[in-house]
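I have placed the structure first, in the form of structure tokens, so that the comments after it can refer back to it.
The chains referred to below are lettered A, B, ... by the order of the sequence lines, with proteins before strands, and numbering in each begins at 1.
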Amino acid sequence: MDYRRTYIRDLFSMEPGNEVSAFGWVKTRRDSKGLSFVQLSDGSTFNDLQVIVEAGVLDEATLKKLTTGACVRFDGLIVESPAAGQAVELKASGVEVFGEADPATYPLQKKGASFEFLREIAHLRVRGNTFGAVYRVRNRLSYAVHNFFQARGFQYVHTPIVTTSDAEGAGAMFYVSTNLGHDEKGYTLKNPNPAEDFFGKPAFLTVSGQLEAETLAMGLTNVYTFGPTFRAENSSTSRHLAEFWMIEPEMAFCSLEGDMNLAEEFLKEVINDALENCGADLDFFNKRIEPTLLETLTHVVNSPFERLTYTEAIKILENSGENFEYPVAWGTDLQSEHERWLTEVKVGRPVILTDYPKEIKAFYMRQNEDGKTVRAMDVLAPRIGEIIGGSQREERLDVLEARIEEMGLPKEAYWWYLDLRRFGSAPHAGFGLGFERLIMYVTGMKNIRDVIPYYRVPGNADF
RNA sequence: UGCCGCAUAGCUCAGUCGGUAGAGCAGCUGACUGUUAAUCAGCGGGUCAUAGGUUCGAGUCCUAUUGCGGCAGCCA
């Protein structure tokens, strides 16, 4: 056996008459007098291969092993299908069963399992229609992300996953330590002093690669990261994970306008890539998960994003006549209900909001001339809310230092970040995009736990 | 972290006024010569999340705990 085999995806385009072998897992078997139909999947495409087993080809004992979940190789002939539903099928001449799956205990069935139940068997859910499709789209989008940036001369950079800088300010962090003992009572801290721990100081899992990506952009010009990120927030919602994948481009010689252009181009291109390359999967999502999916995605690809300043958005919300649970007022952050109304009701497609009050945004965002707002942008999308957050960065040393002091942040910790402004500072901008939220948007899946193979949330890190 | 909801067969669920457990699917046995969420007939399958309480009697009412989910905050 060799990895060079014909995937089931490729068998569908073969001429009838070809002698082939098909490897995969049995989805279902339907018996009729004289012949059996086996649906076989190898995950290479949404559609299953229909295998015809005529009476007498296999002995009764072998046929009985072809149950849902069993792993097999069928040998046979590609033939035109006489029935509707598929153009070609495999007429079996022989089979090898690699692994049986006891039907009495195999937990997957062909019908009606809830996503909540499937999360408990996350190691098997990939074999179902929905999760096979989710993971294929996830793969294609990953590829499209790299294509997008590489085609524009952006260099892929790897920022650290373990960091001793707790200064990003993007959220609660996981502590990293080797200072762990284990005895019959359980786990204990061996030494409470971080100075004697592995790194000689407290260390954490990264919450963002942005600050490090900025250093790399100040030398490589246009860069991007695409890697895992960790947030220890106790947030249990359908759109938060403790471990998620983030895409963070950073561009030298770029303003907020350029940043917005990149964000819009990016979303349109990768969504269009999925439309062109994951057709069967997206058809399934459109049929079974989110009935407006294809319409929405096509609309997003073909129409310009609405761009509003924060101040304009506040005015629109104040005049909306809507009875919001939380009041709208300049200077406070928009609530989920406000963002949803803007993007879902008012505009009906993605909205980019810019120039937020400096008090509700991070220290590194570039201050506007008015002294009140900063060059920040959020891209809001219907169904999922905030999908991108970005800004033009403050490149002026004095302004940045003043802001750090104003916010009471430890200036010493930012010595290397401030060096970027001391030596060859450049106007620059970037954004962060949660990859799982992008997948939710493209697939229509409602819960972020269902677009990553193994999800981590407060209280759950199984598998 | 706060608020709300849910927990009954392997899965998805019903269970009326508090009166002693039901269906579909899955599984098993069989029928059927083209099925594709196959169909048809039959069979087996339950500590009603856990622990207390109220009651003659609790799946049903009350309390606590655990698990899961939704929303909010935080954000991506």
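- Side-chain N/O atoms of A:Gln109 include none lying less than 4.0 angstrom from OP1 or OP2 on B:rG10.
- Put simply, CD1 on A:Ile448 is 12 Å from P on B:rG70, counting in whole angstrom units.
- The side chain of A:Ser238 sits closest to B:rG70 out of B:rG70, B:rG34, B:rC75.
- Applying the 4.0 Å criterion to OP1 and OP2 of B:rG70, one finds that A:Asn447 has a side-chain N or O inside that range.
- A close approach under 4.0 Å does occur between a side-chain nitrogen or oxygen of A:Ser114 and OP1 or OP2 of B:rU12.
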For a side-chain hydrogen bond (donor to acceptor under 3.5 Å, both in side chains) check, start with the C-alpha distance between A:Thr309 and A:Asp355, then their side-chain angles and the critical distance, and finish with the verdict. CA-CA 6 Å; A:Thr309 66; A:Asp355 300 291; 5.8 Å; no
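- Separating the CZ atom of A:Arg231 from the P atom of B:rG73 is a distance of 16 Å, rounded to the nearest angstrom.
- Glycosidic torsion of B:rC43 falls outside 90° of 0, placing the base in anti.
- In this model, the phosphate group of B:rA72 is approached by a side-chain N or O of A:Arg239 to a distance below 4.0 Å at OP1 or OP2.
- Contact between the side-chain N/O atoms of A:Ser336 and the OP1/OP2 oxygens of B:rG73 is found at a separation under 4.0 Å.
- Listed nucleotides: B:rU35, B:rC11, B:rG73. Nearest to the side chain of A:Arg30: B:rU35.
- One finds a side-chain N or O of A:Arg449 lying less than 4.0 angstrom from the OP1 or OP2 phosphate oxygen of B:rG69.
- Between A:Lys64 atom NZ and B:rG27 atom P the separation is 13 Å, expressed in whole Å.
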